[in-house]
Amino acid sequence: YTCGSDNKIYVYDLVTRELIQTLEFPASKTVIVQDVAISAEESTLYAVGIQEDKDSVFATADIDAAGTHTWGPTSIECGVKYVRLAMGPAPTNQLYAIQKAQGLFEIRDIGLPGFVTNAVLGFNATGLLELSPDGTRAFSAQNNATAVGTEVSDFDQVIAIDVSAAVPAILQTYTVSGNDNENDLTARGDILYVTGDPAVGQTKSLWDFNIASGAQAFTPPVDLAEDTITRLAVASGTAAGDFVLVTLADRFKVVRVDLATHTLDAGFRLPVQIFPTDISVSSDGLFSFVLNPIVNTLTAIDLEAVFDP
């Protein structure tokens with residue numbers, strides 16, 4: 001599922017490598033879909049869009065065994081912008097969302113009279129969000145120097161939030177800065193990876209932090225050597241080792257950082273299509289998929305083939 005440029009959600013079959021459906025968000029055509037999430041059972045699609053740059057609209061669709069999507073009623077919250085979703089594991093399938101400049105929220109009962117958005121933790125959220133696989137921790141970017149409620153796109157910290165606690169709280173703070181739209185974060189094992197503003201003498205840096213302590217796991221960070229929009233994914237257990245894959249948007253390519261040596265592999269480059277803005281690795285670790293939104297295509301990468309040592 002991909003989205004982000006209009007009121008549509010695009011559904012790809014990753015086996016046949018085809019675009020198989022185009023879903024229109026069930027609200028005004030002025031809605032720009034911000035993000036989607038899928039329940040652990042793959043039976044429900046959740047989506048949020050922003051209408052006229054000021055109001056947020058949530059929707060869900062049931063997904064049947066044949067892949068047919070049936071939209072339910074929508075819910076709207078006026079005057080606020082929800083920009084990112086994250087789905088907790090089964091059986092709760094708790095949906096979380098980042099409200100721009102306000103923090104992390106739980107979203108419940110979309111399309112029902114009891115629809116509610118509950119604040120988990122208030123902070124000046126810029127947008128980036130990832131939930132740990134066990135659903136206990138949320139990683140999010142914030143601007144700590146700017147008052148809550150004032151929208152900014154630049155972050156100066158990433159925080160880890162214990163969302164499983166009776167009173168959710170910040171577990172750790174990671175000192176890294178950058179523009180939310182141009183950077184990304186992902187957590188694997190005990191390391192948090194974040195692209196952001198460069199260290200001294202670098203062009204753009206891949207920072208990695210020990211999740212528990214908040215300290216840099218490696219010094220200096222990796223110099224990505226290009227100042228462009230980046231997205232991250234971790235490829236583990238390949239024949240050649242473990243890597244962070246990084247898309248470089250205006251260079252139309254994917255590069256890799258070797259996690260054994262903590263270095264950018266200068267001899268590795270995978271060309272993709274125009275302006276890649278997202279990347280993921282399949283659950284079996286065999287393939288990576290890169291979104292090229294300008295031409296609305298996915299580039300499929302056979303990791304075993306391209307990583308063959």
Side-chain angles (χ1 to χ4, degrees), residues 2 12 14 17 128 130 139 158 174 176-211 215-309:
T2 71
Y12 291 84
L14 299 184
R17 313 287 173 79
L128 291 177
E130 180 166 296
F139 299 92
V158 171
Y174 313 94
V176 58
S177 61
N179 180 275
D180 198 277
N181 298 320
E182 297 179 0
N183 291 287
D184 198 12
L185 62 82
T186 191
R188 289 296 182 276
D190 59 356
I191 303 295
L192 172 69
Y193 303 95
V194 188
T195 59
D197 291 336
V200 175
Q202 298 189 353
T203 304
K204 184 168 187 171
S205 298
L206 174 64
W207 302 82
D208 36 24
F209 299 93
N210 182 284
I211 289 175
Q216 278 185 246
F218 298 94
T219 304
V222 174
D223 185 4
L224 295 174
E226 301 283 356
D227 185 12
T228 184
I229 295 173
T230 51
R231 298 294 184 263
L232 302 175
V234 176
S236 301
T238 74
D242 299 335
F243 301 89
V244 175
L245 305 179
V246 187
T247 60
L248 303 178
D250 61 7
R251 297 297 183 265
F252 318 140
K253 65 181 180 180
V254 175
V255 297
R256 72 182 185 184
V257 173
D258 189 328
L259 296 184
T261 62
H262 191 64
T263 56
L264 179 67
D265 186 343
F268 181 87
R269 172 183 179 275
L270 280 175
V272 291
Q273 293 186 294
I274 298 174
F275 216 75
T277 59
D278 211 347
I279 184 170
S280 64
V281 173
S282 60
S283 58
D284 59 14
L286 297 179
F287 289 91
S288 179
F289 298 94
V290 178
L291 173 63
N292 312 289
I294 291 179
V295 290
N296 201 21
T297 62
L298 289 180
T299 300
I301 302 169
D302 183 333
L303 294 178
E304 288 299 308
V306 300
F307 284 4
D308 187 348

Indicate yes or no: at least one non-hydrogen side-chain atom of [X] is less than 4.5 angstrom from one of [Y].
{"X": "N183", "Y": "K204", "answer": "yes"}
{"X": "P221", "Y": "L206", "answer": "no"}
{"X": "V234", "Y": "D242", "answer": "no"}
{"X": "T203", "Y": "P198", "answer": "no"}
{"X": "W207", "Y": "V158", "answer": "no"}
{"X": "V255", "Y": "E226", "answer": "no"}
{"X": "F287", "Y": "I301", "answer": "no"}
{"X": "R231", "Y": "V246", "answer": "no"}

Of all heavy-atom pairs between [X] and [Y], which one has the smallest distance, and what is that distance?
{"X": "N179", "Y": "N181", "result": "OD1-N, 2.9 Å"}
{"X": "R269", "Y": "R251", "result": "NH2-O, 4.3 Å"}
{"X": "P276", "Y": "N292", "result": "CB-OD1, 3.8 Å"}
{"X": "L264", "Y": "R256", "result": "CD1-O, 3.5 Å"}
{"X": "A225", "Y": "D223", "result": "N-OD1, 2.9 Å"}

query: More than 12 foreign heavy atoms under 6.0 Å from CD1 of I274: is that the case here?
result: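 No, CD1 of I274 has 12 or fewer neighbouring heavy atoms, counting only those of other groups under 6.0 Å.
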If we check side-chain contact (heavy atoms from CB on, under 4.5 Å) with [X], which of these qualifies: [options]?
{"X": "Y174", "options": "D208, I211, V194", "result": "I211"}
{"X": "V272", "options": "T297, V290, L298", "result": "V290"}
{"X": "T247", "options": "I229, V254, L232", "result": "V254"}

Nearest-0.5 Å distance that lies between atom [atom1] in [X] and atom [atom2] in [Y]:
{"X": "D190", "Y": "F209", "atom1": "CG", "atom2": "CZ", "value": "14.0 Å"}
{"X": "T195", "Y": "L128", "atom1": "OG1", "atom2": "CG", "value": "8.0 Å"}
{"X": "F218", "Y": "L259", "atom1": "CZ", "atom2": "CG", "value": "7.5 Å"}
{"X": "T299", "Y": "Q273", "atom1": "OG1", "atom2": "CD", "value": "5.0 Å"}
{"X": "F252", "Y": "T228", "atom1": "CZ", "atom2": "OG1", "value": "9.0 Å"}

- request: Would you please say whether a donor-acceptor pair under 3.5 Å links the side chains of D184 and T230?
  value: no
query: Is the gap between the ring centers of F243 and F268 under 6.0 Å?
result: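 They do not qualify: ring centres at least 6.0 Å apart.
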